[in-house]
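One-based numbering, in listed order, for ligands and for the atoms of each.
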Amino acid sequence: MIGTLIIIIVAVAVLALALGGIALSRSHRRSGGTTTAPPTAPPKPPPQGPPPTRAEPAAAPVAAPPVAPEAEPEPLGAPPSYRSRLGGVRGLFSGAVAALRAGRIDEATWESLEEALIRADVGVSTTAALLDELRAKVLTREISGGDDLLGALGTSIRQLLDSVGSRALRFDGRADHPDVWLFVGVNGVGKTTTIGKLARRQSAAGHSVLLAAGDTFRAAAVEQLAMWAERTGTEIVRGAEGADPSAIVFDAVQRAAARKNDLVLADTAGRLHTKVNLVEELKKIRRIADRDPGNVTEVLLVLDATTGQNGLTQARQFADAVDVTGVVLTKLDGTAKGGIVIAVERELFVPVKLVGLGEGPDDLVDFDSEAFVDALLAAD
Ligand code: GDP
């Protein structure tokens with residue numbers, strides 16, 4: 001009798017141990033064997049988005065370790081001035097500007113002005129339209145001196161620039177519905193750097209930012225963004241090289257909603273691992289980012305100003321595909337092709353919202369048409 005009882009107790013104990021072991025091994029397998037998610041992380045809600053397609057590599061997003069509380073984000077520095085950074089394009093206009101300030105309006109002045117506008121990549125038809133308008137005003141004596149002509153040119157350029165809508169970055173800030181800003185554009189234009197710089201600015205402005213390392217084509221891009229996350233004290237959702245970017249963005253939005261982050265800045269690749277069309281991939285990322293609780297409020301096309309007019313064809317393809325809401329024009333420093341700001345807005349009819357004026361962390365500024373034109377046509 002006692003023997004039977006002991007056998008039953010031992011059998012129950014063995015069964016309990018076996019069940020516990022199975023449960024443990026299952027939960028370990030589910031977490032991929034490792035997790036760097038902080039222990040306070042709330043349970044992840046069940047995914048509502050479509051699983052990654054079979055043709056694409058499965059995503060394995062893993063949150064980076066949280067930044068240590070003592071790691072204070074670096075304080076913002078003073079933004080650079082347009083005048084100090086637009087040396088390249090200002091050099092093109094200096095001859096014409098000097099002649100006009102000296103009061104000369106002759107054929108040589110018109111030619112110098114035309115050459116400057118064309119070489120600055122404003123575009124042939126826009127240059128012709130601008131100069132025709134000015135010549136007509138000189139003929140009717142509406143403009144009588146060089147200073148007046150410079151003033152009128154500045155006004156016309158500003159009118160061209162300011163006819164495409166608000167440059168403010170849209171932020172809805174709905175409770176539990178993080179705003180998502182997607183960054184698209186080809187490789188090397190400065191997407192990752194722009195996101196890092198913007199994370200600084202937005203954090204300093206009081207937003208709780210989360211970064212989504214969706215450029216899984218380049219391992220370096222993920223590392224680069226992780227460095228920015230550390231510098232800015234923001235969290236990052238990242239995956240292995242080759243992970244599905246849509247799944248990274250999906251995970252980032254879920255995490256942001258759970259953690260009350262109000263802004264997700266999502267990087268994307270300018271190239272693909274698979275043969276899936278880049279446009280289709282971007283559309284999918286946008287769809288998934290916008291699915292409740294996500295709220296896509298900006299799709300920012302990042303363009304490299306140094307590519308000038310050559311970058312415009314590409315820009316049009318992106319704009320057609322993903323409903324671009326604004327342009328970030330990087331590398332405006334050190335290029336003479338600054339007139340591309342005008343061409344981009346004329347071609348895409350999308351406002352340039354931000355410009356990159358250098359590689360430093362504070363070298364991303366709101367685009368200000370007045371400061372831009374002042375710098376372009378300043379005498380000093
Ligand atoms: P991505 O491939 O689009 O993510 O491009 P990255 O962010 O890696 O940037 C490519 C290079 O451009 C890096 O060396 C950046 O430092 C540089 N870059 C980005 N923005 C600017 C800018 O506004 N001015 C200058 N001079 N360089 C920039």
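Close approach of ligand 1 to Gly356 (heavy-atom distance below 4.0 Å) involves ligand atoms 23 (O). Atoms of ligand 1 found under 4.0 Å from any heavy atom of Lys191, numbered from 1 in the order shown, are 1 (P), 3 (O), 4 (O), 5 (O), 7 (O). The contact set between ligand 1 and Val189, taken as ligand atoms under 4.0 Å from a residue heavy atom, comprises 3 (O), 5 (O). Within the listing of ligand 1, atoms 22 (C), 23 (O), 24 (N), 25 (C), 26 (N) sit less than 4.0 angstrom from a heavy atom of Asp333. Within ligand 1, the atoms closer than 4.0 Å to a non-hydrogen atom of Gln224 are 6 (P), 7 (O), 8 (O), numbered from 1 in the order shown. Counting the atoms of ligand 1 from 1 in the order shown, those under 4.0 Å from a heavy atom of Leu357 are 23 (O).
Atom CZ of Arg346 sits in a sparse spot, with 12 or fewer heavy atoms from other residues, nucleotides or ligands closer than 6.0 Å.
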Could you go step by step and tell me if Arg286 and Val184 meet the side-chain contact (heavy atoms from CB on, under 4.5 Å) rule?
-> CA-CA 10 Å; Arg286 191 193 197 290; Val184 302; over 6 Å; no
Under the side-chain hydrogen bond (donor to acceptor under 3.5 Å, both in side chains) rule, what do Thr330 and Asp304 come out as? Steps first, then yes or no, please.
-> CA-CA 5 Å; Thr330 60; Asp304 176 343; 4.7 Å; no
Output, in order, the C-alpha distance, side-chain angles, deciding distance and verdict of side-chain contact (heavy atoms from CB on, under 4.5 Å) for Asp179 and His207.
-> CA-CA 11 Å; Asp179 283 64; His207 291 301; over 6 Å; no
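When each of Val296, Thr325, Leu169, Val209 is checked for a side-chain contact (heavy atoms from CB on, under 4.5 Å) with Trp181, only Leu169 meets the rule. When each of Asn295, Asp292, Thr297 is paired with His177, the side-chain hydrogen bond (donor to acceptor under 3.5 Å, both in side chains) condition holds for Asp292 and for no other. Each of Ile285, Ile248, Leu278, Val249 was scored for a side-chain contact (heavy atoms from CB on, under 4.5 Å) with Thr268, with one residue passing: Ile285.
Between Thr330 and ligand 1, no N or O atom pair is found at a separation short of 3.5 Å. Residue contacts with ligand 1: Asn187 is placed with no nitrogen or oxygen under 3.5 Å of a nitrogen or oxygen of the ligand (distance criterion only). Below 3.5 Å of separation, one finds an N or O of Gly190 facing an N or O of ligand 1. On a distance-only criterion, Arg218 and ligand 1 share at least one N/O pair closer than 3.5 Å. In terms of polar-atom proximity, Asp215 is not counted as a contact of ligand 1, lacking any N or O under 3.5 Å from an N or O of the ligand. Considering backbone and side-chain atoms alike, Glu359 places an N or O below 3.5 Å from some N or O of ligand 1.
Protein heavy atom closest to atom 4 (O) of ligand 1, with residue, atom name and distance, is Thr192 OG1, 2.6 Å. Atom 11 (C) of ligand 1 has its closest protein heavy atom at Lys331 NZ, 4.1 Å. Distance from atom 7 (O) of ligand 1 to its nearest protein heavy atom, with residue and atom name: Thr193 OG1, 2.5 Å.
Distances from ligand 1 to the non-hydrogen atoms of Ala221 include no value under 4.0 Å.
No donor-acceptor pair under 3.5 Å is formed between the side chain of Lys331 and the backbone N or O of Leu303. Counting only distance, with no hydrogens or angles, the side chain of Thr109 and the backbone of Asp106 share a donor-acceptor pair below 3.5 Å. One N or O on the side chain of Arg167 and one on the backbone of Val352 form a donor-acceptor pair closer than 3.5 Å.
Remark: Arg158 pairs with no residue by the salt bridge (Lys or Arg N to Asp or Glu O under 4.0 Å) rule, at least two apart or across chains.
Contacts between Lys197 and ligand 1 below 4.0 angstrom, taking non-hydrogen atoms only, involve the side chain exclusively.
Nearest to atom 10 (C) of ligand 1 by heavy-atom distance, out of Gly185, Gly334, Gly188, is Gly188.
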